[in-house]
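Read the numbers this way: they start at 1 and go in the same order the structure lists the ligands and their atoms.
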Amino acid sequence: MSERSIGVTLLGCGVVGGGVVNILTQQRDLLRQRTGLTFDIRHIVVRDAGKHRGDLPVPLTTDAAAAIDDPGTQIVVELIGGTTTAGTHIERALKLGKPVVTANKSLLSARGGELFALARKHDTCIAFEASCGGGVPIVESLMKGLLANRIDALVGIVNGTCNVILTRMTRNGWTYDEALKEAQRLGFAEADPTLDVSGRDAAQKLALLASLAFNVGVAESDIHVEGIDTIQPTDIQFARDLGYVIKLLAIAERHVQGVGSKDPHHPGQAKPGEFLNLRVHPTLVHKDDVLAEVGGSFNAISVYGHALGHALFYGRGAGQMPTASAVVSDLLGVALGTTPLAFKQLRIFPDTTPRASVLPFHDLQSRYYLRLMVKDQPGVMGQVSQILGNHGISLSAILQRETDDGQNVPIVITTHRATEGPMRRALDQINALPTITPPTVCLRIIDQPKEFAGG
Ligand code: HSE
């Protein structure tokens with residue numbers, strides 16, 4: 001078997017870059033034994049060479065153009081993040097026909113179609129395993145192991161920060177602020193956690209995963225996004241009493257809408273056909289669902305294939321070495337030729353597929369959890385259930401605890417499957433009742449084993 005040495009340039013050398021250097025140097029012999037390949041880090045490009053310390057194999061440089069252009073650079077690894085500088089450097093590498101390995105979900109979810117097309121034009125490729133699910137090999141699985149399946153749904157916990165916060169709130173009974181502070185102290189949450197807790201990071205990952213799974217172009221803006229920063233401990237407790245755990249889920253499902261499935265309040269809006277339902281929001285997950293057990297910074301992605309049924313991809317979704325593991329596996333795939341071949345042959349990337357037909361969010365069908373703050377007086381429940389009934393929404397459970405306050409008491413209602421549009425209109429009417437203190441909390445419930453697994 002032939003042995004080859006591959007020249008690599010690293011753009012960015014933060015936490016993940018350090019992990020990549022670690023694997024390429026510490027595991028050099030293992031990688032060579034397995035693949036016949038050794039990787040020689042030719043350049044490490046950083047913004048400020050004075051800031052970095054540690055044992056690095058080459059001197060740092062700030063000249064990205066020279067590093068990318070160096071004929072000895074055969075693969076460019078982009079670990080800068082963001083969409084501006086990273087985008088410029090990736091374009092430069094692709095135009096030279098050099099393959100790019102990146103963890104940059106922001107850039108790929110915003111400009112993936114364009115960059116994939118650029119790579120194709122210059123007969124090269126982009127590898128992006130580390131952009132979704134950290135070290136979990138979900139991109140590789142969608143590009144290979146799951147190819148025989150029509151994917152019916154992909155449901156994932158893909159943001160470790162949110163999962164750490166929700167896990168602490170659930171297990172310790174903490175408030176959101178307490179859990180966030182602890183996550184920041186432990187290094188799981190950024191000083192500015194907005195991208196993570198708003199659900200945007202998960203939406204960017206979902207855009208990439210759904211594109212590959214359903215073979216359509218998905219943009220972040222196609223996805224309905226709600227974050228976790230308004231979740232209250234009382235809802236976590238009520239959910240637990242009802243047998244559920246609250247998780248931030250990224251969901252993409254095939255939705256086949258029949259001719260007769262029109263929303264009676266908006267005739268003509270619900271078009272028949274096949275749509276993709278795309279959303280990221282806090283969700284009540286049944287305690288028996290495997291996703292309910294996924295704690296801390298772990299990620300897990302449930303994929304439902306028509307032939308395979310349910311498969312779960314579970315592992316560390318962030319952090320130095322897990323993410324570096326994905327980057328190095330991409331380097332190997334590129335160098336061995338398997339990734340360029342797949343990139344060339346498969347018609348699953350957003351530059352080779354049509355745009356997704358996205359289900360309008362008001363047509364979403366789901367079960368719901370509602371928490372109302374009501375005046376504890378006769379007739380209130382009657383008014384609420386009448387409004388829900390008028391909108392075709394059927395109640396599944398009602399929970400009220402005795403309180404000695406007598407003023408404002410929480411009532412929790414779960415519903416059978418209902419449609420988002422009528423639910424929103426019902427909530428507007430409920431919130432306008434003089435006996436209700438708005439806003440009413442409205443969360444969606446997913447009962448995966450029943451809805452998808454098919455026994
Ligand atoms: N901030 C992300 C998370 C990791 O918490 O999962 C990088 O995508």
| query | Between Arg444 and Tyr369, is NZ or CZ placed under 6.0 angstrom from the six-membered ring centre and within 45° of the ring axis? | reply | no
Counting non-hydrogen protein atoms only, what is the nearest one to [atom]? Give residue, atom name and distance.
atom	answer
atom 4 (C) of ligand 1	Ala318 CB, 3.7 Å
atom 5 (O) of ligand 1	Thr161 OG1, 2.6 Å
atom 7 (C) of ligand 1	Lys105 NZ, 3.3 Å

| request: Heavy-atom contacts with Asn159 under 4.0 Å: which atoms of ligand 1 show up? List them by number with element. | output: 2 (C), 3 (C), 5 (O), 6 (O)
| message | Out of all atoms in ligand 1, which are within 4.0 Å of some heavy atom of Asp196? Include the element for each. | response | 1 (N), 2 (C), 3 (C), 5 (O)
| said: Checking the N or O distance criterion of under 3.5 Å, is ligand 1 in contact with Gly160? | reply: yes
| field | Any side-chain heavy-atom pair of Ile393 and Met423 under 4.5 Å | value | yes
| query | Are side-chain heavy atoms of Val158 and Cys132 found at a separation under 4.5 Å? | reply | no
| field | Side-chain donor-acceptor contact under 3.5 Å, Gln204 with Ser109 | value | no
| query | Between Asp201 and ligand 1, which part of the residue brings a heavy atom under 4.0 Å of the ligand: side chain, backbone, both or neither? | reply | side chain
| message | In this structure, is the centre-to-centre distance between the rings of Phe214 and Phe275 below 6.0 Å? | response | no
| field | Whether His310 and Tyr304 hold their rings parallel, tilted or perpendicular, with breakpoints at 30° and 60° | value | parallel
